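What follows is a set of notes on a single structure, which appears directly below.
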Amino acid sequence: MYNAKAYSAASASSRLAATKISRRDPAEHDVQIDILYCGICHSDLHQVRDEWSGVMPTVYPCVPGHEIVGRVTKVGSAVRKFKAGDLAAVGCMVDSDRTCPECKAGMEQFCPNFTLTYNFPDKLSGGVTYGGYSESIVVDENFVLHVPANLQPAGAAPLLCAGITTYSPMHHWKVGKGKKVGIVGLGGLGHMGVKFAHALGAHVVVFTTSPKKKEDALRLGADEVVVSNDANSMQKHAGSFDFILDAVSADHDINAYLNMLRRDGHVVMVGAPEKPLAVSVFSLIMGRRSLSGSPIGGIAETQEMLDFCGKHNIVSDVEVIPIQKVNEAYERLLRSDVKYRFSIDMASLKAE
Ligand SMILES: NC(=O)c1ccc[n+]([C@@H]2O[C@H](COP(=O)([O-])OP(=O)(O)OC[C@H]3O[C@@H](n4cnc5c(N)ncnc54)[C@H](OP(=O)(O)O)[C@@H]3O)[C@@H](O)[C@H]2O)c1
Ligand SMILES: [Zn+2]
Ligand SMILES: [Zn+2]
């Protein structure tokens, strides 16, 4: 084991602060990575503040971060896919059983025995896993991704969660040319959703509570923008969407979006608000509409998404911050005041 600098929260009401954590030395299949950038996902905030206590209660101290890009420093003797000096990435999972039907189908995100990157029982070292708000991480090579060389690392980091979480459902529900697609909430996930839906050739409509984001939405690839508290503009789209991706982090009226679907359309939740949403069954019955959810994506699909981003020159729009600003960044995230993802420059951790 070795010590690594990190930022952790000591309780649901604590600010994140500098600490040291233990990491395992790389074993034969492991890749050791010096972390260059780690994105700040709203899930980090939910988890740090124990807002998902009913589903995945937080174990403290908690070191969040699952949007990791870094440089490989060391590899185990059996590692074939990476070598020291490579640019590499780690997302929301660091292991799975690799034997269940989900793993065999390449959908590790549904493995009953997966290991999430942080706040999850660590089967190898004991305790819980620690995430990317840290100077380095050690991960099995099968859960490490290659980053296309043309993508700048600070903007590539958020692809590992915000990217794959929006790419995967669009792939599954066949978003493409001729489809009318809605994106609800122009945050970290939402703005990636807009970029992907646009690149896939769909007609993209953004629903936002923030009128000041209108121009950005169009620049990011939206064809239309609707401010969601404007009832008239909302009414114009009733019954017209094939697919709506809901990336909102807080309580909101889901029925407004279900009613915008055409026959057999889908609203897919990727946002994970703390409290249950109230669903009017009539919104579903009328039009045989579906409401679904989707978690991150599999490892092969994550690589496919990164390669797609390489080909289309897609990265996240980021505001790069030093780790010392992480608590302020969380407050700004709650005010929807980020364009459109914070990416932590992990070199700043050296000052701690
Ligand atoms: N399914 C998964 O695997 C997965 C993966 C990652 C994240 N998540 C979840 O996805 C959600 C979004 O994450 P994120 O990192 O994109 O967060 P984010 O950057 O904070 O974006 C959330 C957006 O939701 C909108 N919003 C916030 N409060 C709202 C309210 N009260 N009513 C209506 N809209 C509101 C805002 O957009 P506007 O300003 O445009 O209205 C905001 O920018 C979080 O709950 C996160 O935990 C799920
Ligand atoms: Zn995330
Ligand atoms: Zn499995």
Side-chain angles (χ1 to χ4, degrees), residues 38-49 51-52 55-56 64-68 91-93 95-118 131-132 157-169 183-194 206-214 216-217 220 222 225-229 245-254 256-257 268-275 277 292-299 316-319 329-342:
C38 184
I40 297 182
C41 180
H42 206 112
S43 302
D44 300 350
L45 189 155
H46 288 307
Q47 193 78 67
V48 158
R49 300 191 176 177
E51 290 173 357
W52 294 337
V55 193
M56 18 180 157
H66 56 206
E67 294 184 334
I68 300 167
C92 303
M93 297 177 285
D95 208 353
S96 72
D97 60 22
R98 303 163 206 209
T99 55
C100 76
E102 307 294 2
C103 286
K104 284 190 173 151
M107 290 192 269
E108 298 87 355
Q109 74 272 34
F110 301 111
C111 175
N113 301 304
F114 65 13
T115 302
L116 295 179
T117 303
Y118 64 82
L159 300 176
L160 276 299
C161 177
I164 185 61
T165 302
T166 50
Y167 180 90
S168 178
I183 306 286
V184 189
L186 197 66
L189 266 59
H191 94 291
M192 289 312 307
V194 173
V206 166
F207 295 95
T208 180
T209 60
S210 311
K212 63 179 190 295
K213 293 183 182 173
K214 235 173 161 170
D216 281 344
L220 291 163
V225 186
V226 176
V227 177
S228 49
N229 64 7
L245 192 73
D246 184 326
V248 173
S249 52
D251 193 22
H252 60 291
D253 177 17
I254 188 72
Y257 298 103
V268 176
M269 294 300 309
V270 286
E274 182 178 359
K275 297 200 181 79
L277 298 172
S292 321
S294 182
I296 50 174
I299 294 297
S316 180
D317 284 27
V318 288
E319 178 175 340
Y330 276 27
E331 293 309 316
R332 286 182 51 197
L333 197 57
L334 284 173
R335 298 197 298 268
S336 301
D337 173 26
V338 51
K339 292 184 167 184
Y340 276 85
R341 197 58 141 187
F342 290 112

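Ligands are counted one by one from 1 in listed order, and the atoms in each one are counted from 1 as well. Values below: every heavy atom of this structure, side chains too, minus hydrogens, waters and symmetry copies. For clarity, every value in this text was computed on a predicted model and none was experimentally measured.
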In terms of atom number and element, which parts of ligand 1 are under 4.0 angstrom from non-hydrogen atoms of [X]?
X: V248; answer: 24 (O), 26 (N), 29 (C), 33 (C), 34 (N), 35 (C)
X: W52; answer: 47 (O)
X: D251; answer: 31 (N), 32 (N)
X: C161; answer: 5 (C), 6 (C)
X: K213; answer: 37 (O), 38 (P), 39 (O), 40 (O), 43 (O)
X: R341; answer: 14 (P), 15 (O), 16 (O)

What's the shortest distance from [atom] to any protein heavy atom, and which residue and atom give it?
atom: atom 3 (O) of ligand 1; result: I296 N, 3.0 Å
atom: atom 41 (O) of ligand 1; result: T209 OG1, 2.6 Å
atom: atom 21 (O) of ligand 1; result: G187 CA, 3.3 Å
atom: atom 45 (O) of ligand 1; result: H46 NE2, 2.8 Å
atom: atom 16 (O) of ligand 1; result: L189 N, 2.8 Å
atom: atom 9 (C) of ligand 1; result: V270 O, 3.5 Å
atom: atom 38 (P) of ligand 1; result: T208 OG1, 3.3 Å
atom: atom 19 (O) of ligand 1; result: G188 N, 2.9 Å

Flag side-chain contact, heavy atom, 4.5 Å: [X] against [Y]:
X: I40; Y: R341; answer: no
X: E102; Y: S96; answer: no
X: L220; Y: D317; answer: yes
X: M269; Y: S292; answer: no

Check your understanding: K339: what forms a salt bridge (charged side-chain N to carboxylate O under 4.0 Å, His left out) with it, not counting sequence neighbours?
Key ->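 D216.
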
- Report, as a single number, the protein N, O or S atoms less than 2.8 Å from the Zn ion (ligand 3).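 The number of such protein atoms is 4.
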
Nearest candidate to [atom], where distance is taken over non-hydrogen atoms, out of [options]:
atom: atom 22 (C) of ligand 1; options: C41, S249, G297, A272; answer: S249
atom: atom 30 (C) of ligand 1; options: A250, P158, G91, A217; answer: A250
atom: atom 12 (C) of ligand 1; options: G271, S210, P273, A247; answer: A247
atom: atom 25 (C) of ligand 1; options: P211, C92, G185; answer: G185
atom: atom 46 (C) of ligand 1; options: S43, S336, G193, G39; answer: S43

Testing the basics here: between [X] and [Y], what is the closest heavy-atom pair and its distance to 0.1 Å?
X: I164; Y: P169; answer: O-CD, 4.2 Å
X: S168; Y: Q109; answer: OG-NE2, 4.5 Å
X: I299; Y: E108; answer: N-OE1, 2.9 Å
X: V268; Y: S294; answer: CG1-CB, 3.9 Å
X: E67; Y: C161; answer: OE2-CB, 3.2 Å
X: G39; Y: D44; answer: O-OD2, 3.8 Å

### Message
Let's go through Y340 and V318 carefully: what are the C-alpha distance in whole Å and the side-chain angles of both, what is the deciding distance for side chain to side chain contact (heavy atoms under 4.5 Å, CB included) to 0.1 Å, and is it a yes or a no?
### Response
CA-CA 6 Å; Y340 276 85; V318 288; over 6 Å; no

Take R49 and Y330 through the side chain to side chain contact (heavy atoms under 4.5 Å, CB included) test and state the conclusion after the steps. CA-CA 11 Å; R49 300 191 176 177; Y330 276 27; 3.9 Å; yes

Sidechain-backbone polar pair: [X] side chain, [Y] backbone, donor-acceptor under 3.5 Å:
X: T208; Y: S210; answer: yes
X: W52; Y: P273; answer: no
X: H66; Y: L160; answer: no
X: H252; Y: A250; answer: yes

What do you reckon, does [X] have a nitrogen or oxygen under 3.5 Å from a nitrogen or oxygen of ligand 1?
X: L186; result: yes
X: S294; result: yes
X: P295; result: no
X: H42; result: yes

Under the side chain to side chain contact (heavy atoms under 4.5 Å, CB included) criterion, do V194 and L186 qualify, and how do the steps go? CA-CA 8 Å; V194 173; L186 197 66; 3.8 Å; yes

Notebook entry, point to check: Should L245 and V270 be marked as a side chain to side chain contact (heavy atoms under 4.5 Å, CB included) after you check the CA-CA gap, both sets of side-chain angles, and the distance that decides it?
Noted result: CA-CA 7 Å; L245 192 73; V270 286; 3.9 Å; yes

*Which count of protein N, O or S atoms is obtained for distances strictly below 2.8 Å from the Zn ion (ligand 2)?*
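Protein N, O or S neighbours of the Zn ion (ligand 2) under 2.8 Å, waters not counted, come to 3.
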
Short version for T165: what comes under 4.0 Å of ligand 1, heavy atoms counted, is side chain

Do any side-chain atoms of residues 110-117 form donor-acceptor pairs under 3.5 angstrom with protein atoms, and if so which ones, sequence neighbours left out?
residue : atom : partner : partner atom : Å
N113    : ND2  : D97     : OD2          : 2.8
T115    : OG1  : K123    : NZ           : 3.2
T117    : OG1  : G91     : O            : 2.6
T117    : OG1  : C92     : O            : 2.9
T117    : OG1  : M93     : N            : 3.2

Just how far is it from atom CD of E274 to atom CD of E51, taken to the nearest 0.5 Å?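 So the CD of E274 and the CD of E51 are separated by 4.5 Å.
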
E319 with R332: basic N within carboxylate O range, under 4.0 Å: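 So E319 pairs with R332 through a salt bridge.
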
Is ligand 1 less than 4.0 angstrom away from at least one heavy atom of Y330?
no

